[in-house]
Amino acid sequence: MHICLATQDCLAAIEALYRDVAEEMRGTDHDIWWEFGAYPTSEGLKTAMQEKSLFVAQEFDGRATSCRDCFRGDSATSVIGAFVLDSRQPEDYVLAPWRVEAPLARVAVLHLLAVSPRARARGVARDLLQFAADQARKREAWTLRLDVFDNNEPAIACYESFGFVDVGSFDIDVGGGLRHASHLMELDLRDERRGCPPPG
């Protein structure tokens, strides 16, 4: 598996990934209401790609690859995960009692983490989280934050096992005029055990 910044060439494959994930979760106990075209959208993914905040995980014939090999051949079958990493905190994040007091410039936010249904139970989600945490540190963030629907127990368990702390469940805006109870979670990137000493 190789993780890197997404490019224009792979956007169609990333869109297919999000469609597959939304369809696989629809109607289940952990349905997170994704509907491609409403959330996420092609325009949103393209903007994230242009801002260098959209990352993609892929494999080529089951082998590790380098960036120059990404999406050669049948790219739609090589994409196994994706996420967006930026500093945009939804307005409702002000409700949370965040444990890491950080200025906006030191906050990273993880959005739209997804793993292909065919790549489950292979540690892909954990690899994506590690890559996201490493990228956030490179951007000199002190904390990595995210939100997750309260019914998405598999994702909550994954985040907690990685080290994220649940700071509470809140009714937050999830777009389209809809609200849903969601857990707000954060990973302290200053933790020496995770390779990043406290500032100062």
Side-chain angles (χ1 to χ4, degrees), residues 1-25 32 34 36 39-89 105-148 154-155 158-159 161-164 185-189 191 194-196:
M1 181 178 70
H2 179 69
I3 306 172
C4 61
L5 282 168
T7 64
Q8 181 68 42
D9 291 340
C10 62
L11 278 179
I14 295 173
E15 290 182 8
L17 165 72
Y18 284 114
R19 292 178 191 275
D20 288 347
V21 170
E23 182 61 31
E24 188 260 347
M25 298 182 75
I32 57 173
W34 280 2
F36 196 86
Y39 185 80
T41 66
S42 295
E43 181 179 345
L45 293 175
K46 183 177 181 179
T47 298
M49 181 270 295
Q50 293 171 336
E51 294 177 346
K52 299 187 184 304
S53 61
L54 176 61
F55 294 82
V56 61
Q58 61 94 32
E59 57 187 2
F60 184 68
D61 292 337
R63 298 188 300 272
T65 61
S66 64
C67 283
R68 66 175 179 276
D69 296 320
C70 288
F71 309 102
R72 289 181 179 176
D74 187 359
S75 61
T77 63
S78 70
V79 174
I80 59 174
F83 65 85
V84 172
L85 180 70
D86 59 28
S87 60
R88 295 188 177 94
Q89 298 184 86
R106 299 300 186 192
V107 176
V109 184
L110 182 64
H111 313 268
L112 288 171
L113 187 139
V115 175
S116 170
R118 70 176 185 278
R120 300 279 167 77
R122 289 170 44 187
V124 175
R126 191 172 188 85
D127 288 344
L128 290 172
L129 289 173
Q130 185 62 62
F131 194 89
D134 291 343
Q135 289 295 311
R137 287 194 186 96
K138 288 178 180 179
R139 300 177 185 189
E140 300 185 339
W142 296 352
T143 179
L144 177 59
R145 297 173 178 172
L146 59 82
D147 59 84
V148 54
C158 176
Y159 296 138
S161 70
F162 188 78
F164 280 83
M185 309 182 75
E186 74 175 332
L187 181 69
D188 188 345
L189 299 175
D191 191 337
R194 291 193 171 273
C196 188

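Numbering starts at 1 and runs along the sequence shown.
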Please name the pair of heavy atoms, one in G81 and one in L128, separated by the smallest distance, quoted to 0.1 Å.
CA-CD1, 4.1 Å

Mind checking the CG-NZ spacing from L85 to K138? Nearest 0.5 Å is all I need.
11.5 Å

Side chains of E51 and T47, heavy atoms from C-beta outward: is any pair under 4.5 Å?
yes

At their closest point, which heavy atom of R122 faces which heavy atom of E59, and how far apart are they?
NH2-OE1, 2.9 Å

Candidate list V56, L11, V84, test side chain to side chain contact (heavy atoms under 4.5 Å, CB included), partner M49, passing option:
L11

Close side-chain approach of Y159 to L113, heavy-atom, < 4.5 Å
yes

Flag side-chain contact, heavy atom, 4.5 Å: K46 against Q50:
yes

Is there side-chain contact between S87 and V109, with heavy atoms separated by less than 4.5 Å?
no

Once rounded to the nearest 0.5 Å, what's the spacing between atom CG of D9 and atom CD1 of I14?
10.5 Å

Would you call S161 and R126 a side-chain contact if the rule is heavy atoms closer than 4.5 Å?
yes

So, Y18 side chain and L112 main chain: donor-acceptor pair closer than 3.5 Å or not?
yes

Okay, side chain of R120, backbone of V115: is any donor-acceptor separation there less than 3.5 Å?
yes

If I take atom CZ from residue R106 and atom CD from residue E140, how far apart are they, to the nearest 0.5 angstrom?
5.0 Å

Verdict with reasoning, F55 to L5, per side-chain contact (heavy atoms from CB on, under 4.5 Å):
CA-CA 4 Å; F55 294 82; L5 282 168; 3.4 Å; yes

Can you tell me how far OG of S78 sits from CG of L17, rounded to the nearest 0.5 angstrom?
10.5 Å

Using the rule side chain to side chain contact (heavy atoms under 4.5 Å, CB included), only one of D86, L144, T143 pairs with V107; which is it?
T143

For the atom pair CE (M185) and CZ (F162), what is the distance rounded to the nearest 0.5 Å?
12.0 Å

Test Q130 against D127 for side-chain contact (heavy atoms from CB on, under 4.5 Å), laying out the working first.
CA-CA 5 Å; Q130 185 62 62; D127 288 344; 5.6 Å; no

Value for CZ (F164) from CD (E186), rounded to nearest 0.5 Å, stands at 9.5 Å

